[in-house]
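As structure tokens, the structure follows; a few thoughts come after it.
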Amino acid sequence: MTIDDQARTLLEPHGLDRAHVLVGAKALAQQMIEQSAATEHPLKSLVYDVWGLYNDGQPKCRLTTADDGELVFTAQFHTEDEDVHTVKRRTVSVEELERLCNPRA
């Protein structure tokens with residue numbers, strides 16, 4: 001998972017670090033998977049970069065900042081056809097990401 005410098009700058013005042021954003025990224029990905037269920041090409045799962053003996057890894061996604069200051073979540077997903085990966089993007093507000101990172105807050 002990659003977070004660009006501008007996104008970090010936007011998130012720091014809200015107390016959101018990499019660990020928080022990882023939780024939010026997984027929640028966003030799950031929402032995107034659920035929303036795609038009724039489409040012609042439903043998403044199946046998030047692609048992970050995997051390494052190490054115990055299959056440690058991180059989701060293959062990134063959080064960047066658009067020119068207008070909005071956060072952009074970009075992730076790679078598996079589709080029903082295992083050989084096909086697709087990239088999806090979604091804008092997300094800092095407030096929404098904060099809610100997803102701290103669901104009990």
Side-chain angles (χ1 to χ4, degrees):
M1 176 174 179
T2 305
I3 306 169
D4 78 7
D5 291 338
Q6 289 178 331
R8 279 192 188 116
T9 301
L10 285 173
L11 298 171
E12 283 176 0
H14 297 270
L16 299 176
D17 61 14
R18 184 177 183 77
H20 289 107
V21 174
L22 182 58
V23 171
K26 289 178 182 180
L28 278 170
Q30 186 59 41
Q31 285 180 356
M32 293 167 81
I33 290 168
E34 290 169 0
Q35 290 168 352
S36 77
T39 66
E40 185 176 344
H41 301 287
L43 304 174
K44 187 173 178 184
S45 62
L46 188 58
V47 174
Y48 273 69
D49 283 324
V50 180
W51 62 87
L53 182 61
Y54 298 103
N55 291 331
D56 295 326
Q58 292 286 319
K60 199 164 193 172
C61 60
R62 65 182 176 269
L63 192 63
T64 57
T65 310
D67 292 338
D68 62 2
E70 283 282 314
L71 292 171
V72 180
F73 174 71
T74 307
Q76 208 173 91
F77 293 89
H78 296 281
T79 60
E80 291 294 320
D81 179 358
E82 284 293 327
D83 295 331
V84 178
H85 293 171
T86 186
V87 175
K88 298 289 183 182
R89 290 176 184 80
R90 179 178 159 194
T91 58
V92 59
S93 68
V94 174
E95 293 76 19
E96 181 182 5
L97 188 60
E98 187 174 26
R99 183 183 53 76
L100 292 169
C101 294
N102 300 303
R104 294 185 182 140

Within this structure, what is the [atom1]-[atom2] distance for the pair [X] and [Y], rounded to the nearest 0.5 Å?
{"X": "Glu96", "Y": "Arg90", "atom1": "CD", "atom2": "CZ", "value": "4.5 Å"}
{"X": "Leu71", "Y": "Thr65", "atom1": "CG", "atom2": "OG1", "value": "5.5 Å"}
{"X": "Leu63", "Y": "Leu22", "atom1": "CG", "atom2": "CG", "value": "11.5 Å"}
{"X": "Arg8", "Y": "Asp17", "atom1": "CZ", "atom2": "CG", "value": "10.5 Å"}
{"X": "His85", "Y": "Thr79", "atom1": "NE2", "atom2": "OG1", "value": "7.5 Å"}
{"X": "Gln58", "Y": "Thr2", "atom1": "CD", "atom2": "OG1", "value": "9.5 Å"}

Ignoring hydrogens and angles, tell me if any N or O in the side chain of Arg18 forms a donor-acceptor pair with the backbone of Ile3 under 3.5 Å.
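Not a single qualifying donor-acceptor pair exists.
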
Are the side chain of Ser36 and the backbone N or O of Thr39 linked by a donor-acceptor pair below 3.5 Å?
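A pair under 3.5 Å: no.
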
Provide the closest heavy-atom pair for [X] versus [Y] in the form atom of the first, atom of the second, distance.
{"X": "Val92", "Y": "Leu97", "result": "CG2-N, 3.9 Å"}
{"X": "Pro59", "Y": "Lys26", "result": "CG-CE, 4.4 Å"}
{"X": "His78", "Y": "Leu46", "result": "CD2-O, 3.8 Å"}
{"X": "His20", "Y": "Cys101", "result": "O-SG, 2.9 Å"}

Verify the cluster assignment for Val72 and Leu43: are they in a single hydrophobic cluster under the rule of side-chain heavy atoms below 4.5 Å apart?
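In one cluster: no.
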
Test of understanding: clusters of I, L, V, M, F, W, Y form through side-chain heavy atoms closer than 4.5 Å, transitively. Do Phe73 and Val47 belong to the same one?
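No: no chain of side-chain contacts under 4.5 Å links Phe73 to Val47.
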
Given side chains that start at C-beta, do those of [X] and [Y] come closer than 4.5 Å, heavy atoms only?
{"X": "Gln76", "Y": "Arg62", "value": "no"}
{"X": "Val23", "Y": "Leu100", "value": "no"}
{"X": "Gln31", "Y": "Leu28", "value": "yes"}
{"X": "Gln30", "Y": "Glu34", "value": "yes"}

More than 12 heavy atoms of other groups within 6.0 Å of Asp67 CG
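Counting neighbours around CG of Asp67, 12 or fewer heavy atoms of other residues, nucleotides or ligands fall under 6.0 Å, so no.
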
Verify the neighbour count for atom NE2 of His14: are there more than 12 heavy atoms of other residues, nucleotides or ligands below 6.0 Å?
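Atom NE2 in His14 is crowded, with more than 12 foreign heavy atoms closer than 6.0 Å.
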
